[in-house]
Amino acid sequence: MTNYKEVLRLNSLGINNSQIAASLGYSRTTVITVLQKAEENGVDYENANKKTNQEIGRILYPSETNKSGYKIPDYEYVHKEMAKPSMTLEVQWMIYSEECRKNHEIPYQLTQFKKYYRDFVVKTKAVMHIDHKPGDTVEVDWAGQKAYIIDTDIGELIEAHIFVSTLPYSGYSYVEAFLSQNQEAWTAAHVHMYNYFGGSTRILIPDNLKTGIEKNTKTETVVNRIYQEMAQHYDTAVIPARVYRPKDKSSVEGTVGDISHYILAAISNQQFLSLSELNAVIWEKLREFNNKPFQKKDGSRTSMFEEEKLYLQRLPENAYELAEWKIATVQYNYHIGVDKQNYSVPFRYIKCKVDVRLTKNIVEIFFEGERICSHVRLRGRDGQYSTIDEHMPPNHQKYMQWNGERFRKWAAGIGANTLSVIEVFLTTHKVEQQGYKSCMSLLKLAEKYTNERVEAACAKALSYTHCPNYKGISVILSSNQDKLQPIESPKTKTQGFLRGADYFSGVDYFKGGNDDAE
């Protein structure tokens, strides 16, 4: 019998429910129930201290009387509860036993509880799925059989890969054709699947494709980073099927076969000119497939899904957007270069390696797993800069040993033309620091080509344009154009060669004499 007095005493000392349960060996539910009953009946430790435990029990449960014999569980209720995610017979037995103790009844032991439950299922021919909880898992895979569309330009057939997913509890399925099995198609298929179901499941069971699982051994499972991110977005856990264990995803394996016969075979003689046209027919056949009555039991996949969808998790407000991950190093100008565009990072991360997440519209930058900034993704011409003012150091000249004056001094040591080019690099940007990368790259060329050649290349570049760039100077050096005779400016150009009177008189000028002299 529950020691009601001790529960009230410990509660009066300010000890929390979990600690009371641990101290007395009760479940936390028992402690909470006793305290709730005490509050409802106006009982506290002060007025209960003078009563026996039995007297307190009668006050807390006035309508209950002691009963002899074992309490028969409500197995119909237990059977319905077993459909809930993560529910087990052990949990149901604990709940049943606790209720028996509260009502002063004798519960069955666990082995008896399980035996009588199995007898109930057999006698009543219960059809509810116990192995698969509603809304708990979804199994996904690519079908082995392919569909085809016609290339309207050359008339050839293009393969279309078929994505198949199934909710094991109801058998309700989603199917879609893609032109590839790459990461983008695999991720898009899951997003469309969850939208079709109207919710997500607690567990996602894929095969071991590289777009989903990078490594799956007895000791380690490594989920593809993008796939893991997508799963987290939908609050689901990725548990891949074991290698060479098709029974781990038997539902989708069976559905692949059914769909191959019911949908793909039915459209095999049809011709499609686009992927959208193919999917329109597939989805019509899919609707028929889900509504088709079961052969050995009542209902259909759709009718069972109506029950199952109540257990699906709510979808997030926004659908997952496919992202690409890259690694970049923050340069001296506190920017990173990604896809030929430049994005600023707080200057304290200069020379640090950062993770970059790129979506269609957003660039997010992470350092050691923490997001440090984000930008709207740049489009259009290469070499653009997205700079956030807060990322700039308070004093650009002091934030690091590299600064404009140092680059100018270094360039002056090479030559006047090199200094002129460095001035261009430092003055043509929104902020001077944006030119540091080009300055460093140009001056480093002297280590490869010598100071003299860099100076000559800068002179040649300046003769072509007032705003030379690093790439042009690099091309001049790599193609040895700097070794050609330099182009002289009009001010220093010498007079051209003029022919004299002897040339026009017929005298052989280059022999230094004439025929009469012989």
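Given the structure is predicted, the values throughout are model-derived calculations rather than measurements.
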Report task. Say whether, by atom type as modelled, one donor and one acceptor occur between the side chain of N290 and the main chain of S173 under 3.5 angstrom. Result -> yes
Query raised in the report: E176 and Y174: side-chain donor and acceptor closer than 3.5 Å?
Result: yes
Query raised in the report: When rounded to the nearest 0.5 angstrom, what distance separates CD1 in I422 from NZ in K409?
Result: 15.5 Å
**Report entry** Over 12 non-hydrogen atoms of neighbours within 6.0 angstrom of CD in Q270
**Finding:** yes
Query raised in the report: Does a salt bridge link K326 with D339, judged by any charged N lying under 4.0 Å from a carboxylate O?
Result: yes
Query raised in the report: Which pair of non-hydrogen atoms, one from Q145 and one from I162, has the smallest distance, and what is that distance?
Result: O-CG1, 3.8 Å
Report task. Grab the two heavy atoms, one from L310 and one from E306, that are nearest each other, plus how far apart they are. Result -> CG-O, 4.0 Å
Requested in this report: Would you check, one step at a time, whether the test side-chain contact (heavy atoms from CB on, under 4.5 Å) holds for V138 with Y194?
Outcome: CA-CA 10 Å; V138 62; Y194 284 133; 4.2 Å; yes
Report task. Decide yes or no for H190 and L204: does some side-chain heavy atom of the first lie under 4.5 Å from some side-chain heavy atom of the second? Result -> yes
Query raised in the report: Does the pair T137 and T201 meet the rule for a side-chain contact (heavy atoms from CB on, under 4.5 Å), with working shown?
Result: CA-CA 5 Å; T137 61; T201 56; 5.5 Å; no
Query raised in the report: For H335, does its backbone N or O pair with a side-chain atom of N333 as donor and acceptor, under 3.5 Å?
Result: yes
Requested in this report: Take Q271 and Y148 through the side-chain hydrogen bond (donor to acceptor under 3.5 Å, both in side chains) test and state the conclusion after the steps.
Outcome: CA-CA 8 Å; Q271 294 185 341; Y148 298 89; over 6 Å; no
Report task. Rounded to the nearest 0.5 Å, what's the gap from OH on Y311 to OH on Y169? Could you check? Result -> 7.0 Å
Query raised in the report: When you measure from the side chain of R202 to the backbone N and O of D136, does any donor-acceptor pair fall under 3.5 Å?
Result: no
**Report entry** Nearest heavy-atom neighbours spanning A177 and N279
**Finding:** N-OD1, 2.7 Å
Report task. Identify the two heavy atoms, one from Q341 and one from R381, that lie closest to each other, and give their separation to 0.1 Å. Result -> NE2-O, 2.9 Å
Query raised in the report: Strictly by modelled atom types, are E139 and T166 linked by a side-chain donor-acceptor pair under 3.5 Å?
Result: no
Query raised in the report: Counting N and O atoms only, with roles assigned by atom type, does the side chain of N480 sit under 3.5 Å from a partner on the main chain of K483, one being a donor and the other an acceptor?
Result: no
Query raised in the report: Does the side chain of L462 come within less than 4.5 Å of V421's, by heavy atoms?
Result: yes
Query raised in the report: Checking S200 side chain against Y234 main chain: does a donor-acceptor pair fall under 3.5 Å?
Result: yes
Report summary line: Shortest non-hydrogen pair, S344 vs I388, comes out as OG-N, 3.0 Å
Query raised in the report: Between atom OG of S274 and atom CD1 of I150, what is the distance when rounded to the nearest 0.5 Å?
Result: 11.0 Å
Query raised in the report: Taking the six-membered ring for Trp, are W142 and H161 parallel (under 30°), tilted (30 to 60°) or perpendicular (over 60°)?
Result: perpendicular
Query - Between H391 and Y334, ring centroids under 6.0 Å - result: no
Report task. Output yes when a side-chain donor or acceptor of D151 lies under 3.5 Å from a complementary backbone atom of E156, and no otherwise. Result -> no
Requested in this report: Give the minimum heavy-atom separation between A147 and L278, together with the two atoms involved.
Outcome: CB-CD2, 3.9 Å
Requested in this report: Please work out which of the three classes, parallel, tilted or perpendicular, describes the rings of F407 and W410, given edges at 30° and 60°.
Outcome: parallel
Report task. Nearest 0.5 Å please: distance from the SG atom of C373 over to the CD atom of E390. Result -> 11.0 Å
**Report entry** Contact check, side chains of V454 and L477, non-hydrogen atoms, under 4.5 Å
**Finding:** yes
Query raised in the report: Judged by atom type as modelled, is there a donor-acceptor pair below 3.5 Å linking the side chain of E308 to the main-chain atoms of P134?
Result: no
Just list the side-chain donor-acceptor pairs under 3.5 Å for residues 439-449, sequence neighbours left out, or say none.
unit_1	atom_1	unit_2	atom_2	d
S441	OG	K437	O	2.9
K444	NZ	E447	OE2	3.4

Query raised in the report: Should E90 and L110 count as side-chain neighbours, where that means a heavy-atom distance under 4.5 Å?
Result: yes
Requested in this report: Give a yes or no on whether the backbone of V175 and the side-chain of W283 come within a donor-acceptor separation of less than 3.5 Å.
Outcome: yes
Query raised in the report: More than 12 heavy atoms of other residues, nucleotides or ligands under 6.0 Å from CZ of R379: is that the case?
Result: yes
Query raised in the report: Any side-chain heavy-atom pair from K460 and Q481 closer than 4.5 angstrom?
Result: yes
Query raised in the report: With a 4.5 Å heavy-atom cut-off, do I473 and N469 have their side chains touching?
Result: no
Report task. May I ask you to decide if L273's main-chain N or O and E277's side chain share a donor-acceptor pair within less than 3.5 Å? Result -> yes
Report task. Dump the intermediate steps for side-chain contact (heavy atoms from CB on, under 4.5 Å) on M193 and V140, then the final yes or no. Result -> CA-CA 10 Å; M193 170 193 73; V140 296; 3.8 Å; yes
Report task. Before giving the answer on salt bridge (charged side-chain N to carboxylate O under 4.0 Å, His left out), spell out for D482 and R453 the whole-Å C-alpha distance, their side-chain angles and the decisive distance to 0.1 Å. Result -> CA-CA 6 Å; D482 59 293; R453 290 194 61 187; 2.8 Å; yes
Query raised in the report: Is there side-chain contact between D355 and W325, with at least one heavy-atom pair below 4.5 Å?
Result: yes
Report task. Give a yes-or-no answer on whether the side chains of S170 and R301 include a donor-acceptor pair shorter than 3.5 Å. Result -> no
Query - Short side-chain to backbone donor-acceptor contact, E159 and L179, under 3.5 Å - result: no
Query raised in the report: Taking the six-membered ring for Trp, are the ring centroids of F163 and H192 within less than 6.0 Å of each other?
Result: no
Query raised in the report: After noting the C-alpha distance and the side-chain angles of N342 and S386, does the key distance pass the side-chain contact (heavy atoms from CB on, under 4.5 Å) rule?
Result: CA-CA 6 Å; N342 301 278; S386 174; over 6 Å; no
Query raised in the report: Does NZ or CZ of R357 lie under 6.0 Å from the centre of the six-membered ring of F366, at an angle within 45° of the ring axis?
Result: no
Query raised in the report: What is the distance from atom CG of N16 to atom CG of N11, rounded to the nearest 0.5 Å?
Result: 10.0 Å
Query - Nearest-0.5 Å distance that lies between atom CG in L419 and atom CD in E455 - result: 9.0 Å
Query - I336 side chain near I365 side chain, heavy-atom distance below 4.5 Å - result: yes
